[in-house]
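Here is the naming used below: chain letters follow the sequence lines, and residue numbers restart at 1 for every chain. Please read these numbers as outputs of a predicted model, since none were measured by experiment.
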Amino acid sequence: MIGLIGQRAIASLASLVVLMVMVFFLSRLTGDPAALFLPIDATEEMKQQFRTLHGLDRPVLEQFVMYVWDVLRLDFGESLRRARPAIDVVLEAYAWTLPLALITMALVVVAAIVLGAIAAFNVGGIIDRGISVVSLIGASAPDFWIAIVAIVLFAINLGWLPTSGVGTPWHWIMPVAVLFIRPFGLIVQVVRGSMLSALAAPYVKTARAKGVKNRPIIFVHTLRNAMLPVITVIGDQAAALLNGAVIVETIFGFPGIGKLMIDSILQRDFNVVMAAILVTAVAIFIMNILIDIAYSILDPRIRQ
Amino acid sequence: QDNTDITVVLSEELDLVDPCMATRSNIGRVIMQNVSETLTELDVRGDEGLMPRLAESWEDLGDGVWRFHLRPNVTFSDGSAFDAADVQHTFDRVFSEDVTCESARYFADTELSFEVVDDLTIDITSEPAQPILPLLMTLVTIVPSETPMEFVREPIGTGPYVLSEWQAGQHIQLDRRDDYWGEQPEVSSARYVFRSEAAVRAAMVETGEADIAPQITELEATNPATDFSYPNSETVYLRIDSADAPTDDIRVRQALNHAIDREAFIGTLLSEGTELAVTIVPPTTLGWNGGLEPPAYDPDLARQLLEKAAADGVDVNLPIEIIARTGNFPNVTEVAEALTQMLSEVGFNASLRMVEVAEHEQYYSKPYPESEGTRLILAQHDNSRGDPVFSMFFKYHSEGTQSGISDPHVDDLIERATAATGDERAALWSELFAYIHEEVVADVLLFHMVGHSRVSERLDFRPTIATNSQLQLSEIGFK
Amino acid sequence: MTEALLTVRNLSVDFHTARGTVHAVRNASWSVNRGETLAILGESGSGKSVSASAVMNLLDIPPAEVVSGEILFEGKDLLKVSYEEHRALNGKRIAMIFQDPLGHLNPVYTVGWQIVEMMTAHGRPANKARARALELVTRVGIPDPEKALKKYPHEFSGGQRQRLMIAMALMLKPDILIADEPTTALDVTIQAEVLALLKELQAETGMGLVLITHDLGVVAEIADRVVVMSQGEIVEEGSVREVYHHPRHPYTRKLIGAAPGKGEIKQPATDAPALLEVRELAKSYGKFTALKDASFTLSRGQSLAVVGESGSGKSTLARTILRLEKADSGKALWKGKDLITMSPRELLSVRREIQMVFQDPTQSLNPRMSVYQLISEGWDIHRLMPDRKARRRRVDELLEQVGLLPEHAERYPHQFSGGQRQRIAIARALALEPELIICDEAVSALDVSVQAQVMALLDGLRKKFGISYLFIAHDLGVVRDFADMVLVMKSGEIVEGGPTEKVFNAPEHPYTRRLLAANLDPDPDVQAQRRQMAATAPS
Amino acid sequence: MTDISQTNASPAELRGAPALLAMLWRDKFAFVSAVVLLIIIICALIGPVFLGDLAASQNLRGRNSPPFDLSRGWAFVLGGDSLGRPVLARLIVAAQSTMMVAAGAVFSAMTVGALFGLVAGYMGKNVSQLVMRLADVIMSFPSLLLAVVVLYLLGPSVPNMILVLAITRIPIYLRTTRAEVLEVRERMFVQAAVVMGASHWRIIFRHILPIIAPTLVTIATLDFAFVMLAESSLSFLGIGIQPPNITWGLMVSQGRPYLNTAWWLAFWPGLMIVITALSLNLLSNWMRVALDPAQRWRLESRKTGHD
Ligand SMILES: Nc1ncnc2c1ncn2[C@@H]1O[C@H](COP(=O)(O)OP(=O)(O)OP(=O)(O)O)[C@@H](O)[C@H]1O
Ligand SMILES: Nc1ncnc2c1ncn2[C@@H]1O[C@H](COP(=O)(O)OP(=O)(O)OP(=O)(O)O)[C@@H](O)[C@H]1O
Ligand SMILES: [Mg+2]
Ligand SMILES: [Mg+2]
């Protein structure tokens, strides 16, 4: 097992390198950061000065070699805009994103699996229809709607929650709730579908012949068999959250990585983009490794 | 009033707080005159014009030399005294190769040299002579001579407030100083928070989570008790490239101007109070020419002009692409769509392309990319500094980076006006405005915009034209 | 007669399908009392499993519908009790052993967990359950029971799974045990042990046993009474001896007449060329050696039977030859070319010549393909029989040959009984007209009359086209009638091999002798005699 | 020949399309969904031809007219937008680009993802490792950066939009497919197919794919909404589809500032996205049952009558 994880880690490291190289060159195809950092009426000398200062005037290949050299010494460069080490900026933001993603995903996973399984068990019934329609509306409604309506309702009209920002646990309720909705809707549907197939399997009959109660039949016998696609989709949704939740961060003023990433991309703050992708990619790779381990834990036939 | 702490909710996070970047509006709004002060200050509430701040007075010694007499007994927030060396260091820093200070651009073609006469007197020589040097001093925030040649994250200034806390992404806290040289402001501390969503900013003032939201949209500004509109010194226009066909023909440019129903935008897509523009600078600027008329909306005339041009062999069917930037100002997309439609209606082969900021920049500044036909750049220009010099060279001189024309007479007027002083300066600018507007028809000038802000009812504060780029806490009182 | 413990009265079950209603059970009535063993014999597809499912409340309603009848357990009608009440009875008072042990074990849990759950589901403490599981698993003859409990279903052989299922059903010492073909995959020695265990339990707890089986020997050995089902109906009922000696219904007569093991033993042809030569084939799973240096030769037109202990590596042998498992070492020469090292391309072209009927027919049929698609797939693969009409005819013909109806072609696998699925698998193997068919317990789920029909078909094909068979079976009667060579396997090794006559009449290896001795006779009187002899014999 | 069991097959057996339609009719939710989707598809096909001009005709002085007011004609029944254009007409016209982008992105992502997933799951360890790590790269490549790169270099257009969105959605299909293949290929019927001599492709497409297809379809239909909204946020940032082209996503993002004052601008297109997603999913739920022989009875007429 340990050996396997080690092997995976090395392979992931290779992907990380590929990713970083791609990002490095592709991002440099998208325009000149000097023009964006400096005011619109900045002179050419100022732009030149900016480029020289940040090494942007050198050939891209040379920049790349320098970057690699720095990274090997764990120096991820300065943010072009913030005059701070890019990695600091990113880690600061990630310290907000990570708990947000984890809390949301934890809630989503529990709620979606329970309701999805219940829907599958009552397939075609009123509970199934109810859960499906509600979750689907959640999954397809524009999230800024939900966010703004939530603010109007809970912060302005009812005054129960603060409009936005961070600080107290109360501040987290709306962002988590809004982020919750889409992955919840998606995963409910995937759980439902996968459970439907699994519930038709003969071992369910065995369990019933054994006199096992419905709840363990659903949540113990069948669910585990239905989990393969479910955890894959959970992984996909978690990856989206680990990449930052732009809308929610924007509306609720949540200082996470999503907004930072978008701003840095739009402003061509290359070092921050690189550092942000490095951090999110590491998180996503770790998650994917965990998911693959989960596959083999869940299904002994996959273990090799 | 017991609670004199306020919270200001801004639309954009700060990535820097360095004083030499204070001319960038999001930074200036927080530190300009609050943390760091300038030698001179432009009066935007009354009509006093240029006022003393850290310089008590100044005089033109001739030959491009200006003498500034500095205010005594001023200390920086780190305790050190303010003197002429600090002024000199400030400028050394602005022009340093090691920091890319924004304020340097205002001195692009002038060479400054300094001579410290005594602790509180400094002579500044500019080459060529800079008649508006004292005005330019409103743009340079003074830092102590210990400030390193790199961006600082804890700005030290002479202002009434110190930056006491900066949680990136969350808030910035300014606290009042006890040893400020001037009158103690009423606000004891200000916390700046950042929310990009206008609706949320407005809501925060409504729920009491914030006291001032300097920029909200017109749509949010629905409560007369708290919401104010103010001219925000931004001017919207369509930049024409008169090197391209078919806009190299003046009749085509005129047709563009007459094709647009400017009035129709006001009170609909743009706020009530928006004014039609005849110059690229707002009316509060020196030399603004009140005699100019906005081009009348006359689609028939526009069609006739096009026909005439076509008759002379101008290919008026060449594509005209309007390039606009998403998020440039509220409703920019709709405005651009409406403009496109109006141009199409009179027979232009117009199309619209909305782009993000980096791409917009490509089209906006020279060298302009090639195109079949031509491009009209929808852009917004901000000049709240009181003098057209900050605009005219860039926008109209044949060497200006965003200029769409190349006209020797315009170049000449700009150069002369820049060097002139007093009434002559105003007259030259006026002449330039009229010439550009009527003879050259250099661009499609559209609107002077208004901004909206929401101010809590417990505050006594009215936003001004400068609110866009600075928000002096000392101007805020409590009811 | 006093009120029976479990009485099924006038039970009728229909299945509604798109192509009409299937009357699976029609007015069936039977009952079983405490301490009694009722054998349900019958045609494959005659509704035995369906009626058992009805008792356990396992029918999917719809598409199934209980049209009439009642199922009385201790006087209560199980068709009327609430779901929850029924659930509490299941497993604890009435337990069931399913016909198809692989599908009915949950693939993702260890068998130990699944067996223990039988007790924990009814509120018994887990440690006690574990002790009992260990005891029972040992009793049904699973080697290394401690470790076995920690393994997953796919790591067991077909017979082992069946035994695990039996152990599971016995956990709570139920009052009624419904055993649906519980010994189809067991060799006769283990079968004897299992039957002994059932009897013992019956003596201990007065358990009523409903035994659904095709094996007349098993009936003779253990049953008290017999009902015979045909086409959904009960056609005959009586004591074992009565029915065996004086069958009244023509079907019963046919059934008893078809009991295998009475024909003449064939002599292997001596001059046929070798078709498959297996040389020192070995395979192990981790540390466990499933197959040790197996060597044998199969000539063209020969039928080679492989018998042996359950779990001795018979299926592994077949699967390794077919490259479904990677062999550790050894060769399998097909017409001189080694299958084990053959390039994938070459292998593909050989595939058509060797077909296999898997031990677990249900799992080997794609649930999303209709019977027609399943049978004709081989033709698609090898681009045979392009004419649709001809195909249709051939499918109908094949179905009829294995005792199914043409209209079954449009149904899907889940709509069939265990024996019917097995026949679909056989029809599929035959469709390609291969040169060798590997049959892994291919007729174990068939009642003896259908079995006889299928065996006759296979034998006919052998004569006509020279098809060879590698025939894995545990039913010595069938082997005796069908095979001309026999291999005996034990613990991964071939312990004995030779012409059928020699192996049956002059067995050398002690295991072979044990095996033959344990064989059951369909005649209840003979069995009773043997039992007596065994009891009086000095141990 | 033994007569096994009797069936009284109904005389008028339904086959093929009529059978499917009958099954559709039995699930009323799915039936309504199918009708809704049909309408949307028709709008997408003919909308721009018939209503293109109406949808583009501005009237600044009659902007943001509220919905349910018939005085300005049927086109304004859902209100007018911020340029005074009829929302209803715009919705209909926008259906085309919307559907092209969403369907294009989802289908290409699903096809490519499933294909690579099948290969990764079915082939040896090394191929699998390679494909999966590549998927990791795509998965952690921020979609926004991809959008900026592609649209900056190639310009915003419907095909480029499809490209961007499709690439970002590939990993989910790839990973799901692979995970399922790993399990399905261990099943006995796959081995039975191997024995019959089925080629890899046949095994993959005839035996494995049908088992995992329902899961893929479920995800794909959910992705429809996801893609429409993703396209909306890209438009909002200035790197997606831009006016004068219209999509529902663009309409949603343009209506965003008016949420408090003219709710109908963002509401109707948002509702269309929800309705489309809902319909697709209800239909895919139906399909999951209809295509599974073991579940199909749920949709077949139950009472063929017993005698
Ligand atoms: N879901 C179903 N749909 C339609 N017909 C079915 C279904 N399940 C079973 N049948 C039919 O019901 C009949 C009885 O099946 P059952 O499984 O009880 O047979 P069986 O007596 O157990 O046979 P075997 O000995 O082969 O296992 C068979 O003819 C079968 O085809
Ligand atoms: N995947 C596996 N992992 C570990 N052990 C296995 C695996 N498959 C089979 N075995 C073991 O290999 C041995 C031989 O199995 P095989 O299926 O060949 O037996 P068999 O002779 O066919 O028995 P039966 O008659 O019961 O079907 C068994 O003891 C079984 O436990
Ligand atoms: Mg059966
Ligand atoms: Mg076996």
>> Please check: side-chain N/O of C:Q363 versus main-chain N/O of D:R187, any donor-acceptor pairing under 3.5 Å?
In response: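 No.
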**OP:** Step by step, work out the side-chain contact (heavy atoms from CB on, under 4.5 Å) result for C:L374 and D:F189.
**Re:** CA-CA 10 Å; C:L374 284 164; D:F189 63 80; over 6 Å; no
(message) Taking atom NZ as the centre, does C:K326 end up with more than 12 heavy-atom neighbours from other residues, nucleotides or ligands that are less than 6.0 angstrom away?
(response)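 Atom NZ in C:K326 is not crowded, with 12 or fewer foreign heavy atoms closer than 6.0 Å.
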query = Which atom pair, heavy atoms only, marks the closest approach of C:L348 to D:A198?
reply =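 C:L348 and D:A198 have their closest heavy atoms at CD1-O, 3.9 Å.
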Is it the case that over 12 heavy atoms from other parts of the model lie below 6.0 angstrom from the CZ atom of D:F116?
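Check fails, neighbour count at 12 or below.
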Practice task
Please state whether the side chain, the backbone, both or neither of C:L322 comes within less than 4.5 Å of a heavy atom of chain D.
Solution key: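 Side chain only.
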- What are the two closest non-hydrogen atoms of D:M188 and C:F358, and how far apart are they?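 Minimum heavy-atom separation between D:M188 and C:F358: SD-CD2, 3.9 Å.
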Query - Toward chain C: residues of residues 200-209 of chain D with heavy atoms under 4.5 Å - result: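 Heavy-atom contacts from residues 200-209 of chain D to chain C are D:R202, D:R206, D:H207.
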> Looking only at atom types and distance, does a side-chain atom of C:R351 sit under 3.5 Å from a main-chain N or O of D:V194, one as donor and one as acceptor?
Replying inline: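 Side chain of C:R351 to backbone of D:V194: a pair is present.
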Looking at C:H414, C:Q373, C:R368, which makes the most heavy-atom pairs under 4.5 Å with chain D?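 Most heavy-atom pairs within the cutoff with chain D belong to C:R368.
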For the pair C:H382 (side chain) and D:M196 (backbone), establish whether a donor and an acceptor sit closer than 3.5 Å, ignoring hydrogens and angles.
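Indeed, once roles are kept as given, a pair shorter than 3.5 Å links the two residues.
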- Does atom CZ of D:F107 have more than 12 heavy-atom neighbours from other groups under 6.0 Å away?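 Incorrect, the count does not exceed 12.
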(request) Tell me, for C:L347 versus chain D, whether the close heavy atoms (under 4.5 Å) come from the side chain, the backbone, both or neither. (result)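 Nothing of C:L347, per the 4.5 Å heavy-atom cut-off to chain D.
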Note to self: Please give me the minimum heavy-atom distance between D:A192 and C:S364, naming the atom from each residue.
What the structure shows: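 Between these two residues, the closest heavy atoms are CB-O, 3.5 Å.
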Check: Quick one: of C:R352, C:M356, C:R319, C:E377, who has the most non-hydrogen atom pairs under 4.5 Å with chain D?
Finding: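 Of the options given, most contacts go to C:E377.
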